Amino acid sequence: MNNKLQIYNTLSRSKVLFEPIAPPHVGLYVCGPTVYGDAHLGHARSAIAFDIVFRYLMHLGYKVRYVRNITDVGHLENDADEGEDKVAVIARLEKLEPMEVVKYYTDRYHKDMDMLNVLHPSIEPTASGHIIEQIEVVKTILENGYAYEADGSVYFDVDKYNADYPYGKLSGRKVEELLQTTRELAGQKEKKNSFDFALWKKADDRHIMRWPSPWSDGFPGWHMECSAMSVKYLGDHFDIHGGGMDLLFPHHESEIAQSNAAHGHESVKYWMHNNMITIDGQKMGKSLNNFITLQEFFNGEHEALQQAYSPMTIRFFMLQAHYRSTLDFSNEALYAAEKGMAKLMQSQQLLHDLQASPRSSVDIKPYGERLYEAMNDDFNTPITIAHLFDLSKLINQVNDGKAQLSQEDIQTIQTWFKTFLFDILGLQEEAQGDNDQLVDDLMQTLLDLRQQAKANKDYATADSIREALGKLNIQIKDTKEGAKWSVS
RNA sequence: GGUACCGUGGCCGAGUGGCUAGGCGCUGGUCUGCAAAACCAUGUACAGCGGUUCGAAUCCGCUCGGUACCUCCA
């Protein structure tokens, strides 16, 4: 087991050596989507970033339990109907049962993630399925004196908590400063302080999603589900908790507070946060209404898109930037990713029929070491990809007779591609359409015709065949071994 | 206003003191009937100003510009 993995811990704002609490087991919890709309590029970022973490940890030999929740209870909607649940708002608009909305978008989310080749988490708990667990945590926090009840709702007493534990340690905030900056929000009158947050909220009459509790018919507070479910499945002290940077405050900060208040200690050893996707320099997000859904990327149907981009192009695009950097969306960048990935895939395929030499003209060992170094450096996928491009160049040079590789080295490189490109980065060759025998035979017929035309120097016919196929997105390449075709 | 972060060649994007990042694009060459692909060649980029240092894109200060969080958001 490789023990050189460095992870950037948001808590310490530095890279630290990853040392699991109970090796070989690793507990990984990631904040999943709120299922009230289609997944967009930002959701993909988070899912892919932690898919890489999951995949690499498994590759290193750890036994990982990966928990990613589905938020189906919804959090408070502050602007419009106060105290109303996000999922409930949509449900009423569409005249559907809330759970119908939840099911619909959960299914679509799963489908999108499958297309992006994101592995399924080990456990995918829903907030609505863990109301009892959440109530238990609220009870414990009340018993420990860090919360108070007001008119059927329960609030976390930040002031009281802050006397015993530093509130704001994750996000670098201070309670005194929060006092001056917090705005007027729903339920303000019931709170002792503006920065107190709800652990349990009483539902008003119109609120359809509600559950009984010792305090009122209502629903759990914003941050409760992750605290309750992470601990339930990973224990009250686990390794990694991840999520988007926009969840840092108040969501994750409050989770830390809830852990201390409930268990007397923090639950999370390493906090990881992925950065945002930007569009025109601005965060792509639900609230700004500037998002492009994954389905729109896949079919190209959005005014900002010049073409469709395949799921693997999206994935490759993401991985060419480090997960902690913002990544700016543009057609040019996506196009570059598409071309770059095709190049990698092609040289990887070339490996299979590469001419081996008695001995290699280069020492390939350093290439492999660099691949691991890159991944060990806080999952630096852009560097990993850069090294794969170096290998790609080497392969092409061998193919051109400008370098030599032994059979043994060719096999080693094949293993590296399988391990890093496919297993760890999770890329896959795009489906070549319905590639059945009939298509193969038809294509061979066409290529034979074109070859005959070429032999007769009837280039007009040869080119017209190529052009006609080009319009069907079929590319012809003349190689030493004859013409080859591929679907883009 | 508070907190955190960023500003790299045409585009995207690594890199935190000295060693070619990488991809895409552009241009020229090799190959090809022509293409495509590939290979070879090609860009003295680090917001500005000052400082530390033998040496800074990289450290420090200031200025300018931008973003995120402080409200649900991946």
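Side-chain atoms are counted along with the backbone in the values below, which use heavy atoms only and exclude waters and symmetry mates. Protein chains get the first letters and strands the later ones, always in sequence-line order, with residue 1 at the start of each. Keep in mind that what you see is a predicted model, and the values were worked out from it rather than measured.
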Per-pair distances, 0.1 Å, donor-acceptor, side chain in residues 116-123 of chain A, under 3.5 Å, sequence neighbours excluded:
from	atom 1	to	atom 2	distance (Å)
A/Asn117	ND2	A/Gly426	O	2.8
A/His120	NE2	A/Asp114	OD1	2.8
A/Ser122	OG	A/Tyr66	N	2.7
A/Ser122	OG	A/Tyr66	O	3.4

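- In this structure, CG of A/Asn275 is placed 19 Å from P of B/G66, rounded to the nearest angstrom.
- Under 4.0 angstrom from either OP1 or OP2 of B/C12 there lies no side-chain N or O belonging to A/Asn331.
- Among residues two or more places apart in sequence or in another chain, the salt bridge (charged side-chain N to carboxylate O under 4.0 Å, His left out) test is passed with A/Asp448 by none.
- Separating the P atom of B/U58 from that of B/C46 is a span of 11 Å, rounded to the nearest Å.
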For nucleotides 21-33 of chain B, 5' to 3', base contacts (B), sugar-phosphate-only contacts (S) and non-contacts (-) with protein non-hydrogen atoms under 4.0 Å give BSBSS-------B
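- Residues from residues 109-125 of chain A with heavy atoms under 4.0 angstrom of RNA chain B: there are none.
- The same atom, C1', is picked in B/G18 and in B/U71; the two are 48 Å apart, to the nearest Å.
- Taking the P atoms as reference points, B/U30 lies 29 Å from B/U20, given to the whole Å.
- The nearest heavy atom of RNA chain B to A/Leu394 and to A/Lys15 marks one nucleotide each, and the one closer to the 5' end goes with A/Lys15.
- The pair A/Asp51-A/Arg55 meets the salt-bridge criterion, since a charged nitrogen lies less than 4.0 angstrom from a carboxylate oxygen.
- Using a 4.0 Å heavy-atom cutoff across all strands shown, A/Thr326 reaches sugar-phosphate atoms only and no base atom.
- B/U67 atom C1' lies 11 Å from atom CE of A/Met276, rounded to whole Å.
- Residues A/Ile476 and A/Ser330 each lie close to RNA chain B; by heavy-atom proximity, the contact nearer the 5' end of the strand is made by A/Ser330.
- Atom-to-atom, NE2 of A/His273 to P of B/C5 comes out at 14 Å; the value is rounded to the nearest Å.
- Between the side chain of A/Asn331 and the backbone N or O of A/Ala304 there is at least one donor-acceptor pair closer than 3.5 Å.
- Taking atom P in both B/U44 and B/C64, the straight-line distance is 32 Å, to the nearest Å.
- In this structure, A/Ser171 reaches the sugar-phosphate backbone alone: every heavy-atom distance under 4.0 Å involves primed, P, OP1 or OP2 atoms, never a base.
- Taking atom C1' on both B/G43 and B/C24, the two are 14 Å apart, rounded to the nearest angstrom.
- Nucleotides B/A4 and B/A38 are separated by 46 Å at their C1' atoms, to the nearest Å.
- One interatomic measurement links the two molecules: CG of A/Leu350 to P of B/A37, which rounds to 14 Å at whole-angstrom precision.
- Checking the phosphate oxygens (OP1, OP2) of B/A38, no side-chain nitrogen or oxygen of A/Asn399 falls inside 4.0 Å.
- Which of B/C70, B/G15, B/A4 sits closest to the side chain of A/Pro250 comes down to B/C70.
- Separation of atoms CD1 (A/Ile277) and OG (A/Ser46) is listed at 10.5 Å; rounding is to 0.5 Å.
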Show each protein N/O and nucleotides 45-47 of chain B N/O combination with a separation under 3.5 Å, one pair to a line.
none

**Asked** Passes salt bridge (Lys or Arg N to Asp or Glu O under 4.0 Å), A/Asp463 versus A/Arg450? Steps please.
**Response** CA-CA 8 Å; A/Asp463 289 349; A/Arg450 180 165 169 271; 5.1 Å; no
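- Within 4.0 Å (heavy atoms only), A/Asn274 reaches at least one base atom of the nucleic acid.
- Proximity of the aromatic rings of A/His252 and A/His223 is defined here by a centroid distance below 6.0 angstrom, and this criterion is not met.
- Within the 4.5 Å cutoff, side-chain heavy atoms of A/Lys454 are placed close to those of A/Asp478.
- Taking the P atom of each, B/C40 and B/G15 are spaced 26 Å apart, rounded to whole Å.
- Listed nucleotides: B/A37, B/C70, B/C73. Nearest to the side chain of A/Gln346: B/A37.
- The C1' atoms of B/U8 and B/A14 are separated by 10 Å, rounded to the nearest whole Å.
- Look at A/Gln397 and you'll find a side-chain N or O under 4.0 angstrom from OP1 or OP2 of B/C40.
- Stems are defined here as 3 or more consecutive Watson-Crick or G-U wobble pairs with pairing distances under 3.5 Å; those involving RNA chain B are B:1-7 with B:64-70, B:10-12 with B:22-24, B:27-30 with B:38-41, B:47-51 with B:59-63.
- Residue A/Thr34 has its side chain nearest to B/C73 when only B/G13, B/A4, B/C73 are considered.
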